[in-house]
> 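Okay, handing you the structure first.
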Amino acid sequence: PDVEIVRQCANGREAIAAIAELAPDLMFLDIQMPGLSGLDVVAQVPQESLPMIVFVTAFDRFAIQAFEAHALDYLLKPVDDDRLGRALERVRAQWQQKQAVAQREQLMALLAEVTQKHNRPASVVSEAVMNVFKAYAWPGNVRELRNTLERAAIVCEGSVIESKHLPPGFGMPRPVA
């Protein structure tokens with residue numbers, strides 16, 4: 001499964017501590033908890049540390065406040081399995097979008113570094129090349145990514161890196177050993 005429960009918290013203070021300690025991608029948060037409410041938790045956690053939030057509560061009257069606090073979804077108790085499934089689909093879509101943005105930012109930062117190192121004009125990556133990089137299974141090897149970008153920036157005669165600037169066969173599935 002792609003969702004793992006890493007902590008259950010009994011109150012808002014525990015939730016804040018869990019966010020600081022574990023940096024989860026997602027948090028299911030009740031509105032009414034002992035001490036701090038779920039909305040208080042969201043307000044007290046720095047925006048850059050805030051995971052995706054799905055509120056789960058018995059009260060529909062807090063829905064507007066929850067979405068103003070950037071909740072991804074709002075589930076009413078008792079939670080229906082189908083409704084939970086739709087919420088998780090929304091979470092997965094949001095997570096994939098965040099991953100794509102982070103990947104694109106990493107690629108652009110590496111490209112800027114490479115073009116500056118080789119005194120090349122500022123380059124952009126064509127959509128076709130971006131799709132190859134998105135689909136390529138980087139085994140955590142940024143060096144391979146850097147080397148591929150470096151080669152592409154060097155052989156690129158203009159300012160747009162195209163598929164023809166990538167090594168032959170790059171992005172093709174690798175044989176399984």
> Nearest 0.5 angstrom please: His165 NE2 to Ile154 CD1, how far?
12.0 Å
> State whether the number of non-hydrogen atoms from other residues, nucleotides or ligands found under 6.0 Å of Gln116 atom CD is greater than 12.
no
> Restricting to non-hydrogen atoms, name the atom on Ala18 and the atom on Pro24 that form the minimum distance, rounded to 0.1 Å.
O-CD, 4.1 Å
> If the condition is side chain to side chain contact (heavy atoms under 4.5 Å, CB included), which residues does Ala43 pass it with, not counting sequence neighbours?
none
> Would a 4.5 Å heavy-atom cut-off, applied to side chains only, mark Arg143 and Asn147 as touching?
yes
> Taking the side chain as C-beta and beyond, is there a heavy-atom pair between Val79 and Phe28 under 4.5 Å?
no
> Hey, what do you get for NE2 (His70) to CE (Met52), rounding to the nearest 0.5 Å?
15.0 Å
> Is there a path of hydrophobic side-chain contacts, each under 4.5 Å between heavy atoms of I/L/V/M/F/W/Y residues, joining Val132 to Met108?
yes
> I want to check something: taking the side chain as every heavy atom from C-beta on, are Leu111 and Ile161 in contact at a cut-off of under 4.5 Å?
yes
> Can you sort out the partners of Val101 under side chain to side chain contact (heavy atoms under 4.5 Å, CB included), two or more places apart, ordered by chain and number?
Glu105
> For a quick test of reading the model, state the closest non-hydrogen atom pair linking Ser126 to Ser163 and the distance between them.
OG-N, 4.5 Å
> Report the C-alpha separation of Asp73 and Arg86 in whole Å, then their side-chain angles, then the decisive distance to 0.1 Å, and conclude whether the salt bridge (charged side-chain N to carboxylate O under 4.0 Å, His left out) test is met.
CA-CA 9 Å; Asp73 213 331; Arg86 289 194 308 274; over 6 Å; no
> Do Val3 and Val56 sit in one hydrophobic cluster, given that two such residues count as connected whenever their side-chain heavy atoms are within less than 4.5 Å of each other, even indirectly?
yes
> Just wondering, do Gln94 and Lys98 contact through their side chains at under 4.5 Å, heavy atoms?
yes
> Checking side-chain contact (heavy atoms from CB on, under 4.5 Å) between Val129 and each of Val160, Leu166, Thr148, which is the one that passes?
Leu166
> Got Gln44 and Arg13 here, is their nearest side-chain heavy-atom distance under 4.5 Å?
yes
> If you link I, L, V, M, F, W and Y whenever their side-chain heavy atoms are under 4.5 Å apart, who else ends up in the same group as Met27?
Ile16, Ile19, Leu29, Ile31, Met33, Leu36, Leu39, Val41, Val42, Val45, Leu50, Ile53, Phe55, Phe59, Phe62, Phe67, Tyr74, Leu76
> Taking salt bridge (Lys or Arg N to Asp or Glu O under 4.0 Å) as the cut-off, I'd like each qualifying pair that reaches into residues 15-37, sequence neighbours left out, listed once.
Arg7-Glu21, Asp30-Lys77
> Supply the atom-to-atom distance Asp40 CG to Asn11 CG, rounded to the nearest 0.5 angstrom.
12.0 Å
> Taking only residues two or more places apart in sequence, or in another chain, which ones meet Lys164 in a salt bridge (charged side-chain N to carboxylate O under 4.0 Å, His left out)?
none
> Could you identify which residues cluster with Val6, counting Ile, Leu, Val, Met, Phe, Trp and Tyr as linked when any side-chain heavy atoms lie under 4.5 Å apart, either directly or through a chain of such contacts?
Leu22
